Amino acid sequence: MAKLQSFVNNPYQENTYIIYDETGECAIIDPGMYTRPEQDAVVNFIKDNQLKPVLLLNTHCHIDHVLGNRFVFDQYGLKPQFNEGESETLAAVVAYAPAMGFRYDASPIPDTYLPETGTITFGNTTLELIFAPGHSPASLCFYDKQANMLIGGDVLFRSSIGRTDLPGGDYSTLVKSIEEKLFVLPDDCTVYPGHGPETTIGFEKQHNPYL
């Protein structure tokens with residue numbers, strides 16, 4: 001069964017995830033590494049656990065989730081995969097990164113885009129794609145049914161939801177995504193968000209003030 005390791009990266013305190021299983025293959029999700037120590041932490045974890053990165057996935061393409069895309073490509077030869085609806089979001093980072101004071105090495109463009117539904121596999125692990133726009137135009141969440149865990153990007157947080165005041169964001173769309181796509185998952189499903197601590201679907205149904 002898949003295991004998950006998280007790393008908190010960059011000034012936005014973004015959660016970067018490595019999901020891996022007994023085969024040694026792993027997927028890197030939302031690499032936000034910005035500083036050398038942040039990059040080293042991810043590389044050393046992969047090396048120490050003798051993992052083989054085979055997928056680079058982005059839930060969405062805001063700057064804090066793609067800062068490490070180029071580094072992962074340079075290190076492991078992996079191009080990112082995300083839904084094509086995030087292409088403009090990614091392209092915009094080049095223009096606004098300097099204004100925000102970020103050094104940004106432009107992300108490679110995908111060879112393969114992810115559909116709104118379906119699955120993606122590595123090793124013995126299958127991730128179901130859940131299309132959940134609202135925070136950004138074409139956010140995807142990745143659900144491992146066997147491990148009962150969701151890597152959710154900036155859709156749902158512990159007692160909060162993703163912001164909707166950025167380009168491509170829409171509050172009613174986000175709430176609809178959560179209620180119709182995420183709240184159908186098991187109550188004990190662990191949600192690993194793009195920022196902050198993990199939560200569960202059941203906890204958010206009971207306690208999230210936005211929903």
Side-chain angles (χ1 to χ4, degrees), residues 1-83 86 90 104-105 107-108 110-112 114 119-130 132 139-158 162 185 189-200:
M1 192 182 299
K3 298 178 182 177
L4 195 72
Q5 179 70 27
S6 65
F7 304 83
V8 180
N9 287 321
N10 70 55
Y12 289 97
Q13 299 289 283
E14 180 266 353
N15 294 329
T16 294
Y17 293 107
I18 294 178
I19 181 170
Y20 61 101
D21 66 22
E22 62 279 359
T23 67
E25 291 194 349
C26 71
I28 301 170
I29 302 179
D30 287 351
M33 301 88 81
Y34 185 60
T35 65
R36 180 64 187 270
E38 289 172 354
Q39 293 169 347
D40 288 348
V42 170
V43 170
N44 289 338
F45 179 83
I46 289 169
K47 195 181 298 175
D48 292 347
N49 289 276
Q50 297 177 310
L51 301 179
K52 180 187 178 187
V54 294
L55 286 172
L56 167 56
L57 306 174
N58 293 123
T59 58
H60 66 296
C61 292
H62 287 147
I63 185 170
D64 47 329
H65 293 257
V66 301
L67 278 168
N69 275 12
R70 169 61 64 177
F71 175 78
V72 171
F73 175 72
D74 289 345
Q75 194 80 16
Y76 303 111
L78 299 173
K79 291 185 178 180
Q81 297 184 36
F82 49 80
N83 185 272
E86 288 292 304
L90 181 66
Y104 174 62
D105 298 322
S107 168
D111 288 332
T112 304
L114 299 175
T119 59
I120 189 165
T121 60
F122 67 91
N124 294 328
T125 301
T126 298
L127 301 176
E128 295 179 20
L129 305 176
I130 300 175
S139 287
L140 285 171
C141 302
F142 303 106
Y143 178 54
D144 182 335
K145 188 174 184 178
Q146 188 186 17
N148 196 24
M149 61 183 177
L150 181 83
I151 294 116
D154 289 358
V155 176
L156 179 66
F157 299 122
R158 185 175 175 86
L185 297 174
C189 171
T190 303
V191 179
Y192 293 95
H195 305 268
E198 68 264 26
T199 184
T200 65

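Computed from a prediction, not measured in an experiment: that's the story for all the values here.
Atom-to-atom distance recorded for L114:CG and Q81:CD is 5.0 Å, nearest 0.5 angstrom. From T35, atom OG1 reaches atom CG of N9 across 7.0 Å, with rounding to the nearest 0.5 Å. Summarising the geometry, atom CG belonging to L57 is positioned 8.5 Å from atom CD1 belonging to I151; distances are rounded to the nearest 0.5 Å. Rounded to the nearest 0.5 Å, atoms CG (L55) and CD1 (I28) are 9.5 Å apart. Atom CG in D144 sits 9.5 Å away from atom SG in C189 (nearest 0.5 Å). Between atom CG of residue D64 and atom OH of residue Y12 there is a gap of 6.5 Å, rounded to the nearest 0.5 Å.
Proximity of I46 to P53: side-chain heavy atoms (C-beta onward) are separated by under 4.5 Å at one or more points. Counting heavy atoms from C-beta on, the side chains of Y20 and E25 never come closer than 4.5 Å. Put simply, the side chain of I29 reaches to within 4.5 Å of the side chain of F142, judged on heavy atoms. Within the 4.5 Å cutoff, side-chain heavy atoms of K79 are placed close to those of P108. Under the 4.5 Å side-chain criterion, counting only non-hydrogen atoms from C-beta, F71 is not in contact with N69. A heavy-atom distance below 4.5 Å is not found between the side chains of P31 and V66.
When every heavy atom of G194 is checked against every heavy atom of F157, the shortest pair comes out as N-CE2, 4.0 Å. In plain terms, the two heavy atoms of C141 and A132 that are nearest each other are SG-CB, 4.1 Å. Of all heavy-atom pairs between P110 and P80, the closest is CB-O, 3.1 Å. Closest heavy-atom contact between P193 and Y17: O-OH, 2.7 Å. The two residues S139 and V155 have their closest heavy-atom pair at CB-CG2, 4.2 Å.
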Derivation and outcome, side chain to side chain contact (heavy atoms under 4.5 Å, CB included), residues I19 and K3: CA-CA 6 Å; I19 181 170; K3 298 178 182 177; over 6 Å; no
Worked verdict on V191 versus L185 for side chain to side chain contact (heavy atoms under 4.5 Å, CB included): CA-CA 10 Å; V191 179; L185 297 174; over 6 Å; no
Test side chain to side chain contact (heavy atoms under 4.5 Å, CB included) on H195 and R158; report intermediate values, then the result. CA-CA 9 Å; H195 305 268; R158 185 175 175 86; over 6 Å; no
If you apply the rule side chain to side chain contact (heavy atoms under 4.5 Å, CB included), what do you find for F122 with T125, and how did you get there? CA-CA 5 Å; F122 67 91; T125 301; 3.8 Å; yes
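Remark: the E86 side chain and the N58 side chain contain no N/O donor-acceptor pair separated by less than 3.5 Å. Between the side chains of H60 and D30, no donor N or O sits under 3.5 Å from an acceptor N or O. Checked by atom type, the side-chain pair E14/T16 shows a donor-acceptor distance below 3.5 Å. Between the side chains of Y143 and N148, at least one donor N or O sits under 3.5 Å from an acceptor N or O.
Less than 6.0 angstrom separates the ring centroid of F7 from the ring centroid of F45.
A donor-acceptor distance shorter than 3.5 angstrom exists from the side chain of E22 to the backbone of M1, with no hydrogens or angles considered. Looking at D21, its side chain does come within 3.5 Å of a backbone N or O of N124 through a donor-acceptor pair. With N15 contributing its side chain and S6 its backbone, the two residues share no donor-acceptor pair below 3.5 Å. Judged by distance alone, the side chain of N49 and the main-chain N or O of L51 form no donor-acceptor pair under 3.5 Å. Side chain of N10 to backbone of M33: no donor-acceptor contact under 3.5 angstrom is found.
With sequence neighbours left out, D105 forms a salt bridge (Lys or Arg N to Asp or Glu O under 4.0 Å) with no residue at all.
Within 6.0 Å of OH in Y104 there are more than 12 heavy atoms belonging to other residues, nucleotides or ligands.
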